[in-house]
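Shown next, in structure tokens, is the structure this report addresses.
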Amino acid sequence: MKQTTLHKAALVLVLLGACSSQKPGPEQHEETPTSGTVELLCDEAIATLLYAPLIRFDTLYPNAHVRLIPVAAREAMRELLALRARLIVLARDYLPDEDSLLRVYGVPRHPRIKLAEDALVVFAHPSVPLDTLNVAQLEAILRGEKRFRHFFPQLAQEPVLVCPPPTSSVYAHIVQQVLHGTPPRAALRIVPTADSVLHAVAATPWSIGIGYLSQIAHSRAIRPISLGFTDSTGAYVSPKPVHQSYVVLRKYPYVVPIYAYLRDDLRNLPWTVATFLGTDAEVQRHFLQRGIVPAFARIRLIPEE
């Protein structure tokens, strides 16, 4: 009980600190919007998405230096709330506890820029003869109420579910989008990072992973599983191929926003980096080529004949 109380007190102090006026630090005097140095804490599940864009940024702004630091999504948000991080990129919105703390202590939401839309996906080792699921089945399996073989008795054995740890944004989307706010109760194989999920599934027969479209869009080592669902109007949407076009059309159930969050509402170097990632045409094209939906782009879908 004492540990819980101390933990809550620490959060209170962090958020109260965020309410207080901030004096400009040395970094704010030494930099300009296009020069200086900034650390970017990035959700490790999507860090590889930013490698090429930041190389382009370095080329266009030779006097500016961005240090990319991949971390768990929870850690990145914790550093932002503690005022230690000036710029983070996450593949999620605020979690309910983070949002409620901001509201309780009157801390305004951080300035943020949407960079792209990814998708939460389910994928299998080629040994698993499973191509489609519906979200009700997935929910029942993750709740521990049913097993894959209950719905698919033709499976020779029960697949192992693989996912990253609770500090990851992938796990957060499992809780918030798939299970509507409750943690999974199924037996899960937890691996350290989102990339580890892909590697584990590719290397392990009879395994099924949960991750992001950006990770698997160009992988031939796994099989994406199409998901059917009931949309907000009550209409059933049949399983479609796991593809960015169906994210655009909202014919895919689990859309994942990618945001750049800023500590300060200032036109400083972190703001320049965030706006560059969210609006530069070449960066947005890069996101499209990686298999996800750029936020700042006009997309024209061409139906197949």
Side-chain angles (χ1 to χ4, degrees), residues 10-95 98-99 101-102 105-116 167 169 193 257-287 290 294-296:
L11 285 174
V12 170
L13 290 174
V14 165
L15 288 164
L16 288 178
C19 295
S20 64
S21 59
Q22 297 296 310
K23 294 182 180 180
E27 75 226 308
Q28 293 169 298
H29 290 301
E30 295 169 359
E31 74 179 26
T32 73
T34 57
S35 67
T37 300
V38 63
E39 290 185 346
L40 192 170
L41 271 61
C42 183
D43 182 345
E44 57 82 18
I46 55 166
T48 60
L49 278 174
L50 299 191
Y51 290 167
L54 291 178
I55 290 173
R56 175 170 167 76
F57 183 86
D58 286 344
T59 301
L60 294 176
Y61 301 99
N63 295 322
H65 307 284
V66 183
R67 183 184 174 205
L68 180 68
I69 305 175
V71 296
R74 265 292 196 185
E75 181 181 346
M77 181 58 77
R78 182 171 62 245
E79 292 298 295
L80 183 70
L81 292 174
L83 306 177
R84 290 187 291 266
R86 296 198 293 155
L87 173 63
I88 69 171
V89 172
L90 293 188
R92 66 167 174 81
D93 206 328
Y94 295 98
L95 295 184
E98 296 162 349
D99 192 46
L101 283 169
L102 291 174
Y105 294 103
V107 179
R109 286 185 160 218
H110 301 88
R112 72 182 185 185
I113 296 170
K114 192 173 187 178
L115 309 185
T167 53
S169 60
T193 66
I258 299 177
Y259 294 111
Y261 292 81
L262 294 157
R263 185 188 71 185
D264 307 309
D265 190 10
L266 300 171
R267 297 301 184 259
N268 55 7
L269 180 57
W271 176 84
T272 301
V273 176
T275 54
F276 172 81
L277 293 174
T279 61
D280 180 80
E282 288 300 316
V283 173
Q284 294 289 291
R285 187 175 294 108
H286 166 74
F287 292 152
R290 284 291 300 265
F296 191 75

Nearest-0.5 Å distance that lies between atom CG in Asp264 and atom CH2 in Trp271:
14.0 Å

Using the side-chain hydrogen bond (donor to acceptor under 3.5 Å, both in side chains) criterion, which residues pair with Asn63? Sequence neighbours excluded.
none

Going through the distances and angles, do Tyr259 and Tyr94 end up as a ring pair (Phe, Tyr, Trp, His ring centres under 6.0 Å)?
CA-CA 10 Å; Tyr259 294 111; Tyr94 295 98; 8.7 Å; no

Distance-minimising heavy-atom pair for Leu269 and Gly36:
CD2-C, 3.5 Å

Going from OG1 on Thr272 to CG on Leu266, what distance comes out if it is rounded to the nearest 0.5 angstrom?
11.0 Å

Nearest heavy atoms of Leu68 and Ala47, plus distance in Å
CD2-O, 4.0 Å

Which heavy-atom pair separates Pro270 from Val38 by the least distance, and what is that distance?
CG-CG2, 3.7 Å

Can you name the side-chain hydrogen bond (donor to acceptor under 3.5 Å, both in side chains) partners of Gln284, sequence neighbours left out?
none

Would a distance-only check, ignoring hydrogens and angles, find a side-chain to backbone donor-acceptor pair under 3.5 Å from Arg263 to Leu83?
yes

Is there a side-chain contact between Met77 and Ser169 (heavy atoms, below 4.5 Å)?
no

Hits for side-chain hydrogen bond (donor to acceptor under 3.5 Å, both in side chains) against Thr167, two or more places apart or cross-chain, chain-then-number order -> none

Test item: Leu81 and Leu102 side chains (from C-beta on) under 4.5 Å apart, heavy atoms:
yes

So salt bridge (Lys or Arg N to Asp or Glu O under 4.0 Å) across residues 33-54, not counting sequence neighbours, yields Glu39-Arg67

Would you please indicate if the ring centroids of Phe296 and Phe287 are separated by under 6.0 Å?
no

With Tyr61, which residues qualify under ring-ring contact (aromatic ring centres under 6.0 Å, His included), at least two apart?
Phe57

Less than 4.5 Å apart, any side-chain heavy atom of Leu87 and any of Val66?
no

Given side chains that start at C-beta, do those of Ile258 and Leu49 come closer than 4.5 Å, heavy atoms only?
yes

Mind checking salt bridge (Lys or Arg N to Asp or Glu O under 4.0 Å) for Asp58 and listing every partner two or more places apart, or none if nothing turns up?
none

Rounded distance [0.5 Å steps], CD1 in Ile113 versus CG in Leu277:
8.5 Å

Kindly compute the distance separating CG (Leu54) from OG1 (Thr59), expressed to the nearest 0.5 Å.
10.5 Å

NZ/NE/NH1/NH2 to OD/OE distance under 4.0 Å, Arg74 and Glu98:
yes

Measure the CZ-CG distance between Arg56 and Asp280 for me, rounded to the nearest 0.5 Å.
4.0 Å

Taking C-beta and beyond as the side chain, do His286 and Glu282 meet within less than 4.5 Å on heavy atoms?
no

If I compare all heavy atoms of Cys42 with all of Leu50, which pair ends up nearest, and what's the gap?
SG-CD1, 3.7 Å

What distance separates Asp93 CG from Arg109 CZ, expressed to the nearest 0.5 Å?
5.5 Å

Note: Leu262 and Ala274 closest approach over all heavy atoms is CD2-CB, 4.2 Å

Under the criterion side chain to side chain contact (heavy atoms under 4.5 Å, CB included), I'd like the reasoning laid out for Arg267 against Thr275: C-alpha separation, chi angles, the key distance, then a yes or no.
CA-CA 10 Å; Arg267 297 301 184 259; Thr275 54; over 6 Å; no

Should Ile46 and Val89 count as side-chain neighbours, where that means a heavy-atom distance under 4.5 Å?
yes

Flag the pair Leu80 / His110 as yes when at least one side-chain heavy-atom distance between them is below 4.5 Å, and no otherwise.
yes

